[in-house]
Amino acid sequence: MQVQHFHSWDVTPKEAIQIQQQLRAKVIPHGKVGTPNLIAGADVAFVEDIAHACVVVLSFPKLDVLETVVHKAKVTFPYIPGLLSFRETPALVQAFGKLKHDPDLIFIDGQGLAHPRAAGIACHIGVILDRPTIGCAKSLLFGTYKEPKQARGSVSDLCDDGGGVIGAVVRTKDGVQPVFVSIGHKIDLAQAIELSLACGKGYRIAEPTRQADILAERAKSKGGHGVEQGSQGELF
DNA sequence: GCGACAG
DNA sequence: ATCTTGTCGC
């Protein structure tokens with residue numbers, strides 16, 4: 001699929017925060033996705049400073065894997081809570097660029113609007129690829145919530161300090177830790193929650209992300225050692 | 001100052 | 001994220 005960069009990835013943490021504040025205005029926090037035909041999932045595995053960025057495309061609603069791509073790249077930006085996007089997105093967009101299919105929706109392993117600056121990695125990737133995106137994280141970064149009921153399908157609001165709803169805490173499987181769902185780009189929260197549950201295969205993690213996770217784990221151990229090359233994009 | 005903190 | 005053994009429950 002075609003990829004358009006909006007800024008350089010060679011930035012300092014301070015500059016990264018500035019970029020997120022601008023990104024915030026580019027995010028479209030609503031919209032409906034008709035029944036999707038193709039759904040992508042993305043994940044990154046690391047071997048020291050080498051990222052193995054993986055993207056998988058599944059059919060919907062069958063959830064069969066139709067395509068997988070891997071892009072290896074050296075990473076320099078460190079992991080800093082709130083700035084995860086600057087560590088994982090560069091390699092991921094290169095991987096998305098190798099995709100033959102054009103997904104109707106993308107699941108990202110991380111937060112979307114449920115972020116201190118309302119600009120999590122799901123928003124960032126959604127804006128760059130101009131595709132509906134859902135942030136589906138395994139743990140909390142920002143916000144408060146009340147524990148959802150134990151039954152699969154139970155949902156509770158994730159709120160910011162002012163009480164505004166920034167996402168949802170979703171129980172995707174009976175009695176197991178919930179996942180944190182938030183808007184990434186061009187989709188409303190209600191449908192993000194709906195699709196997160198519709199993409200479940202009996203596991204806590206939605207199938208698109210779970211398959212990307214499996215691919216990343218394999219790429220990390222069975223993958224070669226060379227590092228691929230790719231443009232880092234242009235400046236603003 | 002202290003505690004929290006996606007992957 | 002990654003490291004790393006056993007253990008609880010369906």
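Throughout, protein chains are lettered first and strands after them, A, B, ... in sequence-line order, and every chain is numbered starting at 1.
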Sugar-phosphate only, base, or nothing, as touched by A:A114 at under 4.0 Å among non-hydrogen atoms
nothing
How close or far is atom P of C:dT2 from atom CD of A:E217, stated in whole angstroms?
6 Å
Atom CG of A:D49 to atom C1' of C:dA1: distance rounded to whole Å?
13 Å
Let me know the distance between CZ of A:F86 and P of B:dA6, rounded to the nearest Å.
17 Å
Nucleotide B:dA6, atom C1' - distance to CD1 of A:I125 in whole Å:
12 Å
Take A:V227 and A:I50 through the side chain to side chain contact (heavy atoms under 4.5 Å, CB included) test and state the conclusion after the steps.
CA-CA 8 Å; A:V227 174; A:I50 300 300; 3.6 Å; yes
Going hydrophobic residue to hydrophobic residue with side-chain gaps under 4.5 angstrom, can you get from A:V3 over to A:I106?
yes
Rounded off to whole Å, could you give me the CG-to-P distance for the A:L141 and B:dA6 pair?
6 Å
In whole angstrom, what separates A:L83's CG from B:dA6's P?
12 Å
Does the distance from a Lys or Arg side-chain N to an Asp or Glu carboxylate O, for A:D130 and A:K186, drop under 4.0 Å?
yes
Report which part of the nucleic acid A:Q111 touches: base, sugar-phosphate, or nothing (heavy-atom distance under 4.0 Å, all strands).
base
When all nucleic acid strands are considered with a 4.0 Å heavy-atom cut-off, which category describes A:I108: base, sugar-phosphate, or nothing?
nothing
Whole Å only: how far is the CD atom of A:E48 from the C1' atom of B:dG7?
17 Å
With a non-hydrogen cut-off below 4.0 angstrom, is A:L140 in contact with a base, only sugar-phosphate, or nothing?
sugar-phosphate
Presence of A:K220 side-chain N/O under 4.0 Å of C:dA1 phosphate oxygens OP1/OP2
no
Stacking here means centres under 5.5 Å and planes under 30°; does A:Y79 stack on C:dA1?
no
Any side-chain N or O of A:K138 below 4.0 angstrom from OP1/OP2 of B:dA6?
no
List the atom of A:S8, the atom of A:I19, and the distance in Å for their closest heavy-atom pair.
O-CD1, 4.3 Å
OP1 or OP2 of B:dC5 sitting under 4.0 Å from any side-chain N/O of A:S139?
no
For atom CZ of A:F77 and atom P of C:dA1, their distance in whole Å:
19 Å
Quick one: label A:G82 by what it contacts on the DNA or RNA (base, sugar-phosphate, nothing), any heavy atom closer than 4.0 Å.
base
Does the pair A:D43/A:R210 count as a salt bridge with the N-to-O cut at 4.0 Å?
no
